[in-house]
Amino acid sequence: MLAFELLLQGLVQGSIYALIAVGLTLVYGLLRILHVAHAGLFTLGGYIGVLITNATGSLALALLVAMPAMGLLGVAIYRTCYEPLLGRPPYVALIASIGLFIMMEELFRLIFGPYGISFTAPPLQNTVAVLGVNLKEAELATMIGGIVLIGGLALLTLRTRIGTASRATVTDPKMAEAFGVNIARIRDINFFVGSALAASAGVMVALLNNLVEPTMGSVPSYKALAIIVLGGLGDLRGTLIAALALGVIEAFGTIYLGNLLDRDAIAFAFLIAVLMLRPQGLFGKG
Amino acid sequence: MAYEITLLTAMGIAVIFALSLNLITGFCGQISLGHAAFYGIGAYCAAMITKSGLPFPLALAAGFLLAGAIGTVVGIASLRVRHDFLAITTMGVGFLFLGIVRQQDFLGGEMGLSGIPSSGLSKPAFMTLVLVIAAAVATFSIYLKRSWMGYVFDSVADDEDTARMMGIDVSRYKLVAFAMGTALAGLAGGLYAHNIRFIDPESFGFVESITVLAMVVVGGIGSVWGVILAAAVLSVMPLWLQFISDYKLLLYGALLFAVMRFSPNGMAGMVTAILRRSKTTGTGGKA
């Protein structure tokens, strides 16, 4: 039974990773930029979620505000920070992004205080039994939310004109442009969708821990980078599988490898082990 | 005077550390986001050796060699991947180092190692030692940059595939740069451990890796003088900025972002641009 419980815990954590990493992959696939500051939007999303829930008592309203607001902020970051750097070597945008992320974390600390904030009346804290395992409602909601949002994203990319245009742009931007795809708009949409998903993950983590703090984005940020590398950089399906796999591996690893490595190192040990065998990532091509 | 000595010692160590990364990232073009791990390996190794009663020079040498040896092994493994993959892999190495050290009781775990014996040198003598080593590393860097190996590194940094086509054994030279850079980081770590005489995992974390990368990048990737200047300024900036200590990291992030956004070639690039502009206006006047 322990194994099943660990599996479920791993999948909850994996859903969070997936929601963050999907946005990073969208950005990487399109622009070849490692968007570290993405996790800043995840953190801010969490803050907005807690503040609005505390003010109005409605978690749904909080999500409805946090997601589009972070989506727009994501687009603004792209326009002001990354667009001018597109022709530069890749490390330029990477380091700019790290600088931006440090700034964001510091701003959160200065504005919201160093100790973080909590829900005054935390929603979804009852436990429910799922196949004999007790889960918090928040954990269940995280899993379902993850499935719904990522399923929606899959529908969007596979079944709509915008999705087709986006996939075409990832494969060959010049050709896509020649066929009349508005590349600038595709990039905006990708940043919007990815950032909105990160915000939803922020709200979910706030629910799970009943706490948002300025640095809550750091570890997920670096892990999400590991995940998109594992997934083969820019590959949506690979990213999804890698995120869930990492969540599960961490859940088991913490129990069985806990006195050798700490939780965060397990992710990177796994990453390095995989890259040694497959330098192009688990699901990368060639 | 004591304050200036502390300041100069910290500056000297930062310069050695930054120049060590400059060999890898600046000369050879391989981005590392986990360089602090090798700084940490040198620090922990040197500290363990003097703690067991062996002499300080031996400890420095051991830190240098162990960091270089582990760096070579990591290099063999991680140089199979390129560009962004390499950046993330080296970042992983940094986290792996922290994760392992935190769980080892004989390395002090989360609490770190305190009571590291003194180097046996007086403060001014220790400062002199640090500055002499820093000068030696700087001279070595300049010499290396102008040697044939410097040109090989340049070609690898510029365009790996073309370099390979010209018959250059790219992996071998990357590995050489990696071994030299990590060994020198280990040396800097040994000096750091005996300067502060207390080390803990947090001193060698991701922030430290980014800080040293910032020194290289703000100075101007590959420019020895730029990197020395940036390392000196950025290492003491937190001390000068005590009065705004609450906004220190904010300013740091902003600086990193602003340099990349407005002058991606760093301070060295800025100076070159200004010199070139004054030269062209000079000839323009003549014509």
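Residue numbers start from 1 in every chain, and the chains themselves are labelled A, B, ... in the order their sequence lines are given, proteins ahead of strands.
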What part of Val93(B) gets within 4.5 angstrom of chain A, counting heavy atoms only: side chain, backbone, both, or neither? both

Derivation of the side chain to side chain donor-acceptor pair (under 3.5 Å) call for Gln104(B) and Tyr44(B): CA-CA 12 Å; Gln104(B) 307 308 317; Tyr44(B) 270 96; over 6 Å; no

Looking only at non-hydrogen atoms, find the nearest pair between Ser97(A) and Ala37(A) and report the distance. OG-N, 3.1 Å

Give the minimum heavy-atom separation between Leu96(B) and Ala269(A), together with the two atoms involved. CD1-CB, 3.6 Å

Checking Ile31(B) against chain A: side chain, backbone, both or neither under 4.5 Å from a heavy atom? side chain

Top contributor to chain A contacts, counting heavy-atom pairs under 4.5 Å, from Leu255(B), Thr25(B), Leu98(B), Ile221(B): Ile221(B)

Do you know which of Ile95(A), Val229(A), Ile98(A) has the most heavy-atom pairs with chain B at a distance under 4.5 angstrom? Ile95(A)

Check each atom of Leu94(A) against the heavy atoms of chain B and say whether the ones under 4.5 Å are side chain, backbone, both or neither. side chain

Is Ala254(B) in contact with chain A via its backbone, its side chain, both, or neither, using a 4.5 Å heavy-atom distance? both

With a 4.5 angstrom heavy-atom cut-off, could you sort out which part of Phe206(B) is near chain A: side chain, backbone, both or neither? side chain

Side chains of Asp200(B) and Ser203(B): any donor to acceptor distance under 3.5 Å? yes

Ranking Leu85(A), Val92(A), Leu107(A) by heavy-atom pairs under 4.5 Å to chain B gives rank one to Val92(A)

Just do the side-chain contact (heavy atoms from CB on, under 4.5 Å) check on Leu41(A) and Met104(A) with the steps written out, would you? CA-CA 9 Å; Leu41(A) 298 173; Met104(A) 289 171 87; 4.1 Å; yes

Most contacts with chain B, counted as non-hydrogen pairs under 4.5 angstrom, among Ala226(A), Gly99(A), Ala93(A), Pro84(A): Gly99(A)

So which part of Leu33(B) gets closer than 4.5 Å to some heavy atom of chain A, the side chain, the backbone, both or neither? side chain

Side chains of Ser209(B) and Tyr39(B), donor plus acceptor under 3.5 Å: no

Before we go on, tell me: are the rings of Phe17(B) and His35(B) under 6.0 Å apart, centre to centre? yes

Is Ile210(B) in contact with chain A via its backbone, its side chain, both, or neither, using a 4.5 Å heavy-atom distance? side chain

What are the residues of residues 22-31 of chain A, in order of number, with any heavy atom under 4.5 angstrom from a heavy atom of chain B? Tyr28(A)

Could you tell me which portion of Arg261(B) (side chain, backbone, both or neither) has an atom closer than 4.5 angstrom to a non-hydrogen atom of chain A? both

Relative to the ring of His35(A), is the ring of His38(A) parallel (under 30°), tilted (30 to 60°) or perpendicular (over 60°)? tilted

Against chain B, work out which of Leu100(A), Leu110(A), Leu271(A), Ile228(A) has the most heavy-atom pairs shorter than 4.5 Å and name it. Leu110(A)

Met215(B) vs Leu21(B), test: side-chain contact (heavy atoms from CB on, under 4.5 Å). Steps then yes/no. CA-CA 9 Å; Met215(B) 290 170 183; Leu21(B) 180 62; over 6 Å; no

Going through the distances and angles, do Ile272(A) and Thr89(B) end up as a side-chain contact (heavy atoms from CB on, under 4.5 Å)? CA-CA 6 Å; Ile272(A) 293 169; Thr89(B) 309; 4.3 Å; yes

Heavy atoms of Ala21(A) and Thr239(A) approach each other most closely as CB-CG2, 3.6 Å

Hey, what's the ring geometry for Tyr47(A) with Phe108(A), parallel, tilted or perpendicular (30° and 60° as the breaks)? tilted

